[in-house]
Structure formats: C-alpha cells, structure tokens
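Since we're looking at a predicted model, the values are computed, not measured.
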Amino acid sequence: MKTIAVVTSGGDAPGMNAAIRAIVRTAGYYQANALGVMRGYHGLIHDEIIELNPRSVADIIHRGGTILKSARSEEFKTPEGQARALDNLRRAGAEGLVVIGGDGSFRGALCLQEAGINVVGIPATIDNDIPCTDFSIGFDTAVNTVIEVINKIRDTATSHERIYVVEVMGRNSGHIALYAGLAGGAETILIPEVEFSLDEVCERLISGYKLGKAHSIVLVAEGVGGDFKTGRSINESSAFRVANYVREKTGFETRVTVLGHIQRGGNPSANDRILASRLGARAVEMLMEGRGGYMVGVINNKIEATPLEEIFQREKTLDLEFYRLAHILASQ
Ligand code: ADP
Ligand code: F6P
C-alpha cells in the first residue's frame with residue numbers, strides 16, 4: 001500500500017481533524033503517501049483531491065470542523081457517481097480509502113469497497129448513533145458543550161425560579177440528551193428511545209417544586225418528534241411543544257433554549273482527540289494489512305474492527321440504566 005486517501009463526509013464532528021492528522025502521520029510512518037478528498041463524496045466525484053503530508057496536518061489536532069470540509073452528495077448514491085469517484089481515486093493513485101463519517105457515509109463506503117477498492121470507516125458524529133462502537137468521534141465534545149450551557153442556564157433559572165426546556169441534537173437518537181442530562185443534573189430527560197407521558201413529566205415538576213427546587217431543567221432530544229397526544233408527526237421544535245404543554249398544564253413559567261449547531265463546533269475534548277488518534281492509526285494499519293470493508297470502533301476501550309455490512313444490520317443500544325439513574329438522582 002503506497003497511497004492512502006482520506007475523506008470526511010456527512011455532518012462534521014469535533015475530532016475529525018485529529019483523525020485526519022493521525023491517518024496522514026501513520027501513513028508517513030509506514031512510508032505511504034496520503035491524499036485528502038475535499039468536500040466529501042461530492043469532491044470525490046468532482047476530482048477535488050489534494051496531497052497531504054505530515055506538515056499539512058500540523059496545528060489541527062485541537063480544531064473543530066474538518067480541514068477537508070464536508071458535504072452531502074445525492075449524485076454519489078447513483079452507480080454513475082460511484083464509478084466516477086472510483087475512477088478519480090484510481091487516477092490519483094489511491095490504493096485505499098479512509099471514510100470518516102456516519103451511517104450514510106459508511107453505506108457509500110461499502111459501495112466503493114464492493115466496486116473494488118479497500119475502504120475503512122471511522123465513526124464520527126456527535127449523535128453517537130453508530131452501532132459496533134461505544135463512542136463515535138465528536139460525541140464527548142458535544143456532551144461537554146451541552147453541560148456548559150446547562151451550567152449557564154442554571155444560573156438564570158435559579159434567579160427566576162422557572163422551568164427551562166433545552167433541546168439538544170441527536171437526530172433519532174437520545175445519546176447526547178442522556179449523557180448531558182445525567183452529567184448536567186437535568187430534572188427530566190426526554191429521548192426517542194423511551195416512551196414518556198408529558199402528564200407524568202408535569203407531575204414530576206410539581207413534586208420538585210414542592211420539595212423546594214428553585215428551578216427545573218427538562219432536556220429534550222430533537223428526535224422525540226410527533227404530536228404528544230395523537231402520535232402524528234408535526235414539523236415544530238420538540239422543546240417548544242414540551243414547554244407549551246408544561247406551561248398550560250402546571251401554570252409554571254417556562255423558557256426554551258434550542259442549542260442547534262453550537263453542539264457541532266468547538267475544540268475537541270481530550271477524549272475525542274485520543275479516540276480520533278487511535279482510530280485513525282488503526283484504520284491505516286488495516287489498509288496496510290490489505291483489509292478493507294470494515295469500520296474501526298472502540299468497544300470496552302479496545303479498538304475493534306467490524307465488517308461494514310454488520311453495522312447496517314445492528315441497532316445502536318442506549319444504556320437505560322443511565323436513564324433510570326438520572327431520574328432517581330433528580331427526584332430527591
Ligand atoms: P452521515 O454519514 O453523517 O450519516 P449522510 O447520511 O448525509 O451523513 O451521508 C453522507 C453521504 O453519504 C451522502 O450525502 C451520500 O453521498 C452518501 N450516502 C448516504 N447514503 C448512501 C447510500 N445508501 N448509498 C450510497 N451513498 C450513500
Ligand atoms: O451531526 C448530526 C446532526 O447534528 C443531527 O443531530 C442533526 O439532526 C443533523 O446533524 C443536522 O445536520 P445538518 O444541519 O448539517 O443537516
């Protein structure tokens with residue numbers, strides 16, 4: 001293996017740069033060249049391929065985002081798009097590709113693997129919704145961002161004795177809400193994986209008030225969606241609907257904060273930099289060993305490779321013990 005390419009695809013995540021650095025420098029260590037594909041699969045189709053070397057990845061380990069930029073590409077989902085992408089990779093001399101991204105990016109990675117080039121995936125998404133790895137790059141940083149915000153909201157919530165409903169990202173997954181809720185001491189956590197009744201939420205808030213709590217924080221994952229009464233999906237922020245319901249039912253004053261893309265930026269945490277460095281290095285070693293069609297992840301703090309096909313058959317699980325614990329601790 002003389003030349004390895006790397007691409008970042010899908011939603012960006014803090015720590016992607018640390019992974020790029022690890023890939024380029026591990027390739028250098030094994031006397032291989034590194035290429036960077038700009039703008040995800042879009043750039044691969046449009047031949048936006050640049051040379052990278054150990055110096056071009058200097059001073060990026062601490063930066064959020066991705067120096068290679070990211071994009072989404074509908075064209076890449078077509079056989080023609082994939083054929084062009086493969087052709088460009090081959091003409092650039094790439095013999096292996098590392099795809100840093102989420103589930104959609106790995107589906108694309110498998111197409112390229114099946115078309116004849118070795119590909120290894122690295123899970124990177126703040127949502128932490130990828131199976132066969134305990135954590136994906138960016139999740140830890142996003143959780144830390146959320147708890148920083150919760151700390152600030154606590155100050156004003158205490159002063160005004162209000163209920164604050166905070167909406168966090170997670171697409172269809174509640175990992176960010178669960179971890180940030182436990183670490184931030186939220187009174188209630190609403191996630192798509194667990195059915196809940198807003199009437200029960202209101203009762204919990206009322207009993208917290210009776211216990212003398214100065215404020216309450218309700219953490220809502222964006223994916224809880226749907227009409228809470230009819231189950232029909234409606235296109236409005238979950239947090240606003242929760243806040244309106246609580247206000248009408250309890251008479252408490254409510255305020256809403258939707259964190260949005262703040263959660264995708266910022267300097268990666270130490271955990272994310274370490275995870276990115278370990279996964280980046282392992283991905284290159286796999287390609288050096290001639291192994292493609294895998295995602296490398298971390299399971300029980302060990303780096304493990306799982307065939308890409310298996311990733312699509314498995315469901316990411318969420319530790320419901322965390323959910324139980326967060327609510328026990330908040331109920332006193
Ligand atoms: P993520 O990787 O974060 O889940 P997306 O779902 O947006 O992000 O996927 C990123 C890109 O991966 C898409 O823009 C598309 O080019 C490619 N992709 C997604 N799904 C498929 C698929 N089923 N087949 C081939 N390529 C796909
Ligand atoms: O990166 C994951 C994620 O942040 C989801 O939680 C969110 O729904 C989605 O990406 C939004 O991404 P974009 O605004 O880039 O489409």
Side-chain angles (χ1 to χ4, degrees), residues 3-24 34-52 56-57 60 63-94 96-115 117-130 136-139 141-142 169-173 222 260-268 272 276 279-280 283 295 308 311-312:
T3 303
I4 287 171
V6 52
V7 63
T8 50
S9 167
D12 67 347
M16 280 183 160
N17 280 330
I20 295 167
R21 171 182 178 270
I23 289 160
V24 173
L35 299 171
V37 181
M38 300 298 295
R39 297 180 184 79
Y41 292 134
H42 173 88
L44 200 49
I45 292 175
H46 296 278
D47 205 15
E48 296 182 50
I49 300 176
I50 59 170
E51 284 182 13
L52 295 172
S56 49
V57 292
I60 64 167
R63 292 188 203 284
T66 157
I67 57 163
L68 296 177
K69 307 198 183 297
S70 191
R72 293 187 165 105
S73 166
E74 281 305 308
E75 201 182 349
F76 184 76
K77 292 184 182 170
T78 66
E80 299 74 35
Q82 288 161 19
R84 277 181 70 181
L86 186 64
D87 196 39
N88 287 334
L89 273 174
R90 290 225 164 103
R91 276 191 299 114
L97 175 70
V98 181
V99 174
I100 306 173
D103 175 86
S105 304
F106 295 158
R107 287 181 192 273
L110 185 57
C111 295
L112 288 174
Q113 175 72 36
E114 284 167 352
I117 186 163
N118 273 344
V119 186
V120 174
I122 293 182
T125 161
I126 64 163
D127 296 341
N128 202 33
D129 59 352
I130 302 174
S136 56
I137 295 169
F139 171 66
T141 306
M169 277 186 164
R171 225 182 310 207
N172 299 315
S173 114
E222 63 175 336
H261 290 78
I262 285 172
Q263 297 159 93
R264 285 240 296 252
N267 298 344
D272 275 331
L279 295 181
M295 181 195 83
L308 286 170
I311 313 283
F312 310 130

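Residues passing the side chain to side chain donor-acceptor pair (under 3.5 Å) test with K77 are E74, sequence neighbours excluded. In terms of the salt bridge (charged side-chain N to carboxylate O under 4.0 Å, His left out) criterion, E51 has no residue partners (sequence neighbours excluded). Legend: residues meeting side chain to side chain contact (heavy atoms under 4.5 Å, CB included) with D12, ordered by chain and number and at least two apart, are M16, T66, R264. Taking N17 as the reference, nothing meets the side chain to side chain donor-acceptor pair (under 3.5 Å) condition, with sequence neighbours excluded. By the salt bridge (charged side-chain N to carboxylate O under 4.0 Å, His left out) test, R171 is found to be paired with D127, residues two or more places apart in sequence or in another chain being considered. For the side chain to side chain contact (heavy atoms under 4.5 Å, CB included) test, residues two or more places apart in sequence or in another chain that qualify with S56 are L52, N53. With sequence neighbours left out, the salt bridge (charged side-chain N to carboxylate O under 4.0 Å, His left out) criterion links R107 to D103. Residues forming a side chain to side chain donor-acceptor pair (under 3.5 Å) with Q113 (at least two apart in sequence, or on another chain): N118. In this view, R90 and L86 satisfy the side chain to side chain contact (heavy atoms under 4.5 Å, CB included) rule, not counting sequence neighbours. By the side chain to side chain donor-acceptor pair (under 3.5 Å) test, S9 pairs with S105, sequence neighbours left out. Residues that satisfy the salt bridge (charged side-chain N to carboxylate O under 4.0 Å, His left out) test with D129, not counting sequence neighbours, are absent from this structure.
Listed for the Q263 side chain is a donor-acceptor partner under 3.5 Å among the backbone atoms of M169.
Side-chain contact check for L44 versus L112: some heavy-atom pair is nearer than 4.5 Å. When side chains are defined from C-beta on, L68 counts as touching V6, because their heavy atoms get closer than 4.5 Å. Looking only at side-chain heavy atoms (C-beta outward), E75 and H46 come within less than 4.5 Å of each other. For the pair V119/I117, a side-chain contact is recorded, criterion being any heavy-atom separation below 4.5 Å from C-beta on.
The minimum heavy-atom distance between P268 and T141, with the atom names listed, is CA-OG1, 3.4 Å.
Each side chain to side chain donor-acceptor pair (under 3.5 Å) pair with one or both residues in residues 35-44, not counting sequence neighbours, appears once here: R39-E48.
For the atom pair CD of E114 and CG of L308, the computed distance is 9.0 Å after rounding to the nearest 0.5 Å.
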